[in-house]
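Single-structure report; data block below.
The basis for the numbers below is simple: all heavy atoms, side chains too, and nothing from hydrogens, waters or symmetry mates. Residue numbers begin at 1 in each chain, while the letters A, B, ... track the order of the sequences.
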Amino acid sequence: MDKHMKIYAEHLEDSALEQFNSAMGQEFAIKGALMPDAHTGYSLPIGAVVASDGVVVPAWVGYDIGCGMCALPTSFESNDVTASSEEIFKEIYKKVPVGFNVNQHPVDCHLNPDDLSQLGRKAFEDRKGFRALGSLGGGNHFIEIGKDEEGKIWVIIHSGSRGVGHGIATEYMRLASGTQKILEGHHGLRVDDDTGRGYINDMSWALEFALANRKEMMRRIVGAISAYCDGEADWDKLINRNHNHAEEKDGMWIHRKGATHAEEGMMGVIPGNMRDGSFIVEGKGNPDALWSSSHGAGRVLGRKQAKRELKTEDFQETMRGITARVEDSTLDESPMAYKDIFEVMRLQADLVDVCQHVTPIVNVKG
DNA sequence: ATGTAC
């Protein structure tokens with residue numbers, strides 16, 4: 001069967017290609033693409049986009065539904081931010097829970113948990129409800145304050161839907177597979193039956209929760225910077241882009257697992273690494289790439305491998321001048337654990353235009 | 001990525 005598939009990755013692991021081919025072998029898979037940062041995941045590689053007919057596959061969206069980026073331009077002076085970077089860094093850790101931490105009390109939110117299915121509602125209650133709103137999480141989630149080529153200060157966040165999205169993903173992956181082996185295979189839900197509709201409803205709610213989460217953090221971070229610098233955020237220019245979601249387009253269900261939505265003219269944010277910062281991009285709406293781009297640089301070293309093979313001294317050396325946690329515990333996030341972001345950006349010149357390159361001043365991690 | 005089990 002000739003299905004439309006395009007691979008933008010230059011060096012691809014065999015196991016990632018096998019996962020992609022296996023997914024594309026499903027009868028409901030219509031069209032697929034692998035972004036330049038693609039690497040092995042479970043079920044579907046990270047950096048894959050697959051369009052399906054009449055079916056949604058929870059494992060193709062993954063655990064962190066709504067994981068994505070926000071970028072907010074501001075009028076803070078870069079000299080002020082640099083001069084107060086240590087204070088701002090500490091203030092953010094005071095205001096934003098990181099890692100497994102959440103707020104002591106629930107945070108006000110316009111979202112209504114009654115809009116979730118019974119299953120989604122239970123995941124929400126079990127996973128700390130609105131206490132999780134405005135919390136960063138762990139792994140590769142981060143907060144970055146940086147300046148672009150014109151000296152403008154941006155606040156950039158990578159975070160997701162925290163526990164609630166994870167709970168929703170887990171429960172629907174279990175229902176779809178019909179077994180406890182939820183990470184194997186490509187189990188779909190019909191979009192027109194109750195379970196499929198339930199997944200789409202709850203996934204959509206989790207996307208909104210993830211955005212509300214990033215916005216709440218943005219408010220706290222802008223507050224932290226404002227304690228030391230004059231200026232304000234340009235909220236009308238906030239960019240929000242998911243890289244783990246499924247959306248309907250032209251009668252297809254497009255699954256993005258670690259791939260940024262990049263319609264023509266759509267603004268996006270592609271993070272590189274702790275040292276090289278992030279790119280503000282504008283989508284080209286390339287249909288071969290299923291209207292997508294990469295969601296980052298992509299790993300070259302697994303987390304364990306990075307901690308084994310890299311040296312903390314080298315990490316500290318390369319991060320000089322940036323206020324960040326640079327230590328043994330964050331060594332798996334070293335720039336050396338990722339592909340060269342500049343090369344990845346070159347490989348997707350037909351997918352996005354680069355508008356700005358934001359280089360880090362402060363980086364906050366879980 | 002998350003939070004559970006060791």
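Taking every heavy atom of residues 125-138 of chain A and every atom of DNA chain B, pairs under 4.0 Å involve A:Arg127, A:Gly137, A:Gly138, by number.
Atom CG in A:Asp332 sits roughly 9 Å away from atom P in B:dA1 (whole-Å rounding). To the nearest angstrom, C1' of B:dT2 lies 9 Å from CG of A:Asp64. In this structure, the OH atom of A:Tyr63 is 13 Å from the C1' atom of B:dT4, given to the nearest Å. When rounded to the nearest whole Å, the span between CZ of A:Arg174 and C1' of B:dT2 equals 14 Å. Remark: C1' of B:dA1 and NE2 of A:His39 are 12 Å apart, rounded to the nearest angstrom. Rounded to whole angstrom, the span from the CD1 atom of A:Ile182 across to the C1' atom of B:dA1 amounts to 13 Å. Atom NE2 of A:His295 is separated from atom P of B:dA1 by 9 Å (rounded to the nearest Å). A:Leu183 places its CG atom 12 Å from the C1' atom of B:dA1, with the value rounded to the nearest Å.
Look at A:Arg162 and you won't find any side-chain N or O under 4.0 angstrom from OP1 or OP2 of B:dA1.
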Below 3.5 Å, can you tabulate the donor-acceptor pairs from side chains in residues 128-147 of chain A to any protein atom, sequence neighbours excluded?
unit_1	atom_1	unit_2	atom_2	d
A:Ser135	OG	A:Ala132	O	2.6
A:Ser135	OG	A:Arg162	NE	2.7
A:His141	ND1	A:Leu136	O	3.1
A:His141	NE2	A:Asp64	OD2	3.2
A:Glu144	OE2	A:Ser278	OG	3.1

Check: residues 222-239 of chain A side-chain donor-acceptor pairs under 3.5 Å, at least two apart:
unit_1	atom_1	unit_2	atom_2	d
A:Ser226	OG	A:Val222	O	2.8
A:Asp234	OD2	A:Lys237	NZ	3.0

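Listed by first then second residue, pairs satisfying side-chain hydrogen bond (donor to acceptor under 3.5 Å, both in side chains) with a partner in residues 196-208 of chain A read A:Ser117-A:Asp202, A:Tyr172-A:Asp202, A:Asp194-A:Arg197, not counting sequence neighbours. Here side-chain hydrogen bond (donor to acceptor under 3.5 Å, both in side chains) pairs that include residues 99-108 of chain A, with residues two or more places apart or in two chains, are A:Asn103-A:Arg220.
Through side-chain heavy atoms spaced under 4.5 Å, either directly or across other Ile, Leu, Val, Met, Phe, Trp or Tyr residues, A:Val326 is tied to A:Met274, A:Val300, A:Leu301, A:Leu310, A:Phe315, A:Met319, A:Ile322, A:Leu331, A:Met336.
Using a distance-only test at 3.5 Å, with no hydrogens or angles considered, a donor-acceptor pair links the side chain of A:Thr260 to the main chain of A:Ser294.
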